[in-house]
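Take a look at this one; I'll ask things after.
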Amino acid sequence: MIKLILPDGSTREAPVGSRPREVAELIGKRLAQAAIAAKVNDEIVDLDREFPPLAEARFQILTDRDPASLEVLRHSSAHIMARAVMRLFPGTQLAFGPAIENGFYYDIQSPTPLREEDFPRIEEEMRQIVAKAEPFERFERSPAEARELVAGLKQDYKVEHIDEGLKHHPSLSFYRQGEFIDLCRGPHLPHAGKAAAFKLLSIAGAYWKNDSSRPQLQRLYATAFFSQKDLDAYLKLVEEAKKRDHRLLGKQLRLFTISQQVGAGLILWMPKGALIRGILETYIREELVKRGYSPVYTPHVGRLELYRTSGHFPYYRDAQFPPLYCHPAASALDLCQYRLASGILDAAKERDIGLFLDQAQLAIPGYREAAQSEEKLQCVHLFVLEILRTMGVTIAAYQEATAMPERAAALLSWLVNQEGYLLKPMNCPHHIQIYKAEPRSYRDLPVRLAEFGTVYRYEQTGELSGMTRVRGFTQDDAHLFVTPEQVEEEMRANVELVLFVLKTLGLNDFRVRLGLRDPNSDKYVGAAEDWNNAQTALLGIVKSLGLTFSAEEGEAAFYGPKIDFVVKDCIGREWQLGTVQLDYNLPKRFELEYTGADNKPHRPVMIHRAPFGSMERFMGILIEHFNGAFPLWLAPEQVRVLPVSDKFNDYGKSVEKTLRDAGIRASGDYRADKVGAKIREAQLEKIPFMLVVGEKEQTAQTVAIRHRADGDLGAQPLPPFIEHLHQAIADRRLTRQ
RNA sequence: GCUAGCGUAGCUCAAUGGCAGAGCACUGGUUUUGUAAACCAGUGGUUGUGGGUUCAAGUCCCACCGCUAGCUCCA
């Protein structure tokens with residue numbers, strides 16, 4: 001017998017080999033009917049799963065009121081969807097089909113690609129399946145039997161998955177639903193009839209096992225609820241959220257624009273957006289001065305050699321605007337050098353570099369057809385010789401070299417002597433040169449150099465998105481050069497600065513991510529010991545500040561670990577805003593020093609940090625956060641004066657002038673429109689205050705105040721109203737009161 | 001970059017392969033207005049770009065550019 005402890009504390013005995021469903025029936029018929037799944041200790045299991053051989057366990061029947069049931073429903077809905085697709089598109093291969101935050105998906109590969117037009121048919125087929133209310137039956141097989149079973153079903157991805165990941169499991173579970181059998185861990189609904197409300201949402205590509213070198217499948221996104229009412233409410237919520245989209249509001253409120261003529265991913269800040277940005281910059285600049293930062297200015301380009309030294313140019317080669325070389329042959333030779341230096345590559349890397357060379361439009365004769373070996377390098381080599389000959393360039397060391405690495409080195413030594421520039425992808429190398437411009441003593445540290453530095457990164461086309469992912473952006477950047485002893489205090493102060501900034505703007509819905517190195521990856525530079533020290537230091541800081549955070553391997557920068565502040569946009573995508581990063585690597589690469597108290601040279605540690613992250617992304621998120629209704633201190637237009645008719649335009653203009661003289665961003669609407677129309681327009685522009693002026697106000701020398709959210713607030717003389725505005729602005733108030 | 005979809009006036013959207021349209025905005029006029037849209041008239045287009053099929057292309061085909069969703073990437 002197993003002793004079950006129910007949520008209310010009561011206990012029940014259940015024989016070994018019995019199932020949750022039987023217990024539910026004993027408790028009550030209605031409960032058994034409403035049951036979706038059960039929770040045994042902390043595990044969610046099928047109603048028909050035998051109890052494990054335990055002496056006692058916490059036990060709970062889950063109904064559609066438990067949030068955990070929703071996940072079960074969605075997982076089962078994924079099976080139902082896959083079954084429907086299999087019926088309509090015979091020969092479809094199935095991959096993974098999990099429940100996700102607001103629904104579920106299934107990755108599939110059908111002989112004919114699915115399109116959104118197919119959704120109604122699929123949904124209809126799903127309804128047919130649901131109407132039959134067939135049970136989900138669980139059974140187990142050994143890995144070898146399981147492999148045979150899925151191979152017999154002609155499910156190649158499932159076979160591959162067993163071979164790659166599951167073959168060492170003692171036993172694998174399957175679920176059968178009518179003719180449909182799927183390898184699956186479960187748990188599932190008792191029967192398909194419980195899947196009351198579902199909707200297919202979108203279709204997109206997704207790589208098999210999230211690996212871009214593997215085949216790309218079709219991912220069908222959908223969602224499911226226990227009732228149509230819940231589904232409708234969810235869909236409505238999504239629709240409402242989409243109205244906050246900064247791309248939409250940015251256009252409506254004329255905050256920014258993107259022109260195809262200027263280029264994709266390049267933000268043009270319109271006057272109103274620029275005004276808000278200016279206020280934010282002033283705000284943070286004042287804060288930095290208080291905190292001992294030194295503002296600096298540096299150019300938008302730098303010598304290539306600088307970025308070779310920092311590592312940015314070679315490391316992010318394919319995510320940068322092409323280098324600007326003065327010599328006409330240098331761009332081509334640079335690409336050839338890059339390829340030669342890369343050596344012989346595996347298939348995945350060869351594909352990537354091939355794509356990169358295609359994108360750079362470097363057509364090396366015979367390269368594509370050449371075997372994946374020394375042969376490809378030979379093509380590059382012959383191409384280099386051709387360039388040297390036709391362009392009249394002599395590189396003696398190259399011509400003399402016999403081995404490919406030697407040739408790559410010879411080319412590089414020619415290239416580094418060429419005049420070449422890079423649009424700066426990072427500000428740190430420039431700030432480092434300012435640090436190096438004078439000898440530094442331990443007494444000078446920390447040196448804190450701050451700049452609104454504009455950087456350029458050639459993001460993949462598919463990544464560009466409004467203001468949140470762009471190709472040119474301005475970081476509210478700073479680099480701190482500190483002694484090892486100062487690291488902790490300075491890191492802490494910067495994390496606190498980020499928290500302060502977020503709080504000022506009411507951005508409370510963020511998460512903290514501790515980005516750590518993936519020890520199995522080769523993409524990180526620097527000594528393991530430095531990494532460990534840095535990571536331990538960061539961990540200590542987030543812990544001591546009492547922040548809830550998630551430590552994530554593989555999320556570090558290539559030169560050091562970081563603490564990121566991540567928020568969600570209106571459609572639920574996550575974006576990194578503020579960041580604080582620790583770096584032992586660049587000080588080494590640039591041989592930074594300060595003189596210690598012992599009169600000997602020491603190496604400083606660098607901290608990279610940006611509380612907003614990028615002005616563009618921050619602005620995008622802020623637009624959505626405020627739904628375009630910026631608080632008074634940020635509103636591009638704070639007050640609009642609305643004369644009731646043009647008889648009162650003169651009085652309106654005097655009110656407007658008084659406001660402007662008091663430093664308020666005010667305008668007036670003196671068109672021959674009714675006041676209702678003027679109000680409507682000001683409301684749509686989300687202007688915080690409207691001042692209606694007519695006969696009464698002119699006579700009494702007052703203004704009738706209307707707030708965009710709170711409506712008519714009655715008449716008041718101008719001076720106290722201005723005083724109120726001044727106070728709210730000074731306090732950076734987020735609400736009217 | 002990849003998969004799927006999309007691109008018509010400043011904005012939101014119409015238009016069986018058969019004369020490119022509406023509303024809003026804008027301009028001019030009338031109205032003199034009291035808390036979310038007064039009325040009349042007018043301007044506005046090489047249908048993203050370039051090719052092709054066709055008697056005829058916004059519509060069909062190809063390439064490129066851009067946008068959207070997701071995947072991969074993200075200093």
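Letters A, B, ... are given to chains in the order of the sequence lines, protein chains preceding strands, and every chain is numbered from 1. Any value given below was found using the heavy atoms of this structure, including those in side chains, with hydrogens, waters and symmetry copies removed.
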Handout entry: Spacing of the P atoms in B:rG52 and B:rA56 (rounded, Å)
Key = 12 Å

Problem - Heavy-atom donor-acceptor pair, A:E697 side-chain to B:rG34 base, under 3.5 Å - result: yes

Exercise for the section: Using a strict 4.0 Å threshold on nitrogen-to-oxygen distance, state whether A:E240 and A:K243 make a salt bridge. Expected result: yes

Exercise for the section: Between A:A206 and A:D712, just flag the one whose closest nucleotide in RNA chain B comes earlier from the 5' side. Expected result: A:D712

Handout entry: Polar side-chain contact A:R351-B:rC2 base: donor and acceptor under 3.5 Å
Key = no

Practice task
Answer with yes or no whether A:E459 presents, from its side chain, a donor or acceptor under 3.5 Å of a partner atom in the base of B:rC74.
Solution key: no

Handout entry: N or O in side chain of A:T461 less than 4.0 angstrom from B:rG1 OP1/OP2
Key = yes

Practice task
Between B:rA9 and B:rG17, how far apart are the C1' atoms? Round to whole Å, please.
Solution key: 23 Å

Practice task
Ignoring backbone atoms, test whether A:R247 places a side-chain nitrogen or oxygen under 4.0 Å from the OP1 or OP2 oxygen of B:rU68.
Solution key: yes

Handout entry: Nearest-nucleotide pick for A:K562, side chain only, options being B:rC71, B:rU35, B:rA75
Key = B:rA75

Exercise for the section: Grab the OH-P distance between A:Y106 and B:rG70 for me, whole Å please. Expected result: 22 Å

Handout entry: Straight-line distance of A:Q433 CD to A:R303 CZ, nearest 0.5 Å
Key = 12.0 Å

Exercise for the section: Report the distance from atom CD1 of A:I203 to atom P of B:rU3, rounded to the nearest whole Å. Expected result: 14 Å

Problem - Pi stacking test for A:Y316 and B:rA75: under 5.5 Å apart, planes under 30° - result: yes

Exercise for the section: Have a look at A:T454 and tell me which of A:D477, A:T298, A:T474, A:N427 forms a side-chain hydrogen bond (donor to acceptor under 3.5 Å, both in side chains) with it. Expected result: A:T474

Fill in the blank from the handout: Checking B:rU33, B:rG70, B:rG66 against the side chain of A:I571 (C-beta onward), the nearest is B:rG70

Problem - Distance in Å, A:F558 CZ paired with A:Y316 OH, rounded so as to fall on 0.5 Å steps - result: 5.5 Å

Handout entry: Check: A:Y207 side chain, B:rG70 base, donor-acceptor under 3.5 Å
Key = no

Practice task
Compare side-chain N and O positions of A:K647 against OP1 and OP2 of B:rU31 and report whether any pair is under 4.0 Å apart.
Solution key: no

Exercise for the section: Could you check which of B:rA37, B:rA75, B:rG5 has an atom nearest any side-chain atom of A:A677? Expected result: B:rA37

Practice task
Please state the P separation for the pair B:rA63 and B:rA4 - nearest whole angstrom.
Solution key: 12 Å

Problem - Salt bridge flag under 4.0 Å for residues A:K562 and A:E552 - result: no

Problem - Residue A:K523, side-chain heavy atoms: nucleotide from B:rA75, B:rC74, B:rA37 that is nearest - result: B:rC74

Practice task
Go through B:rG34, B:rA38, B:rA37 for me and flag the one nearest to the A:V692 side chain.
Solution key: B:rG34

Handout entry: Closest to the A:V675 side chain, choosing from B:rG34, B:rA37, B:rG1
Key = B:rG34

Problem - Rounded distance in Å between the P positions of B:rC13 and B:rA69 - result: 15 Å

Exercise for the section: Inspect the contact between A:R617 and A:E459 and indicate whether a charged nitrogen and a carboxylate oxygen are less than 4.0 angstrom apart. Expected result: no

Problem - Nearest-Å distance once atom C1' is located in both B:rA57 and B:rU53 - result: 10 Å

Fill in the blank from the handout: Walking RNA chain B from its 5' end, the first of A:L248 and A:Q218 to be reached, judged by nearest nucleotide, is A:Q218

Problem - Separation between the P atoms of B:rA25 and B:rU33, rounded to whole Å - result: 22 Å

Problem - Phosphate OP1/OP2 of B:rG70: any A:Y221 side-chain N/O under 4.0 Å - result: no

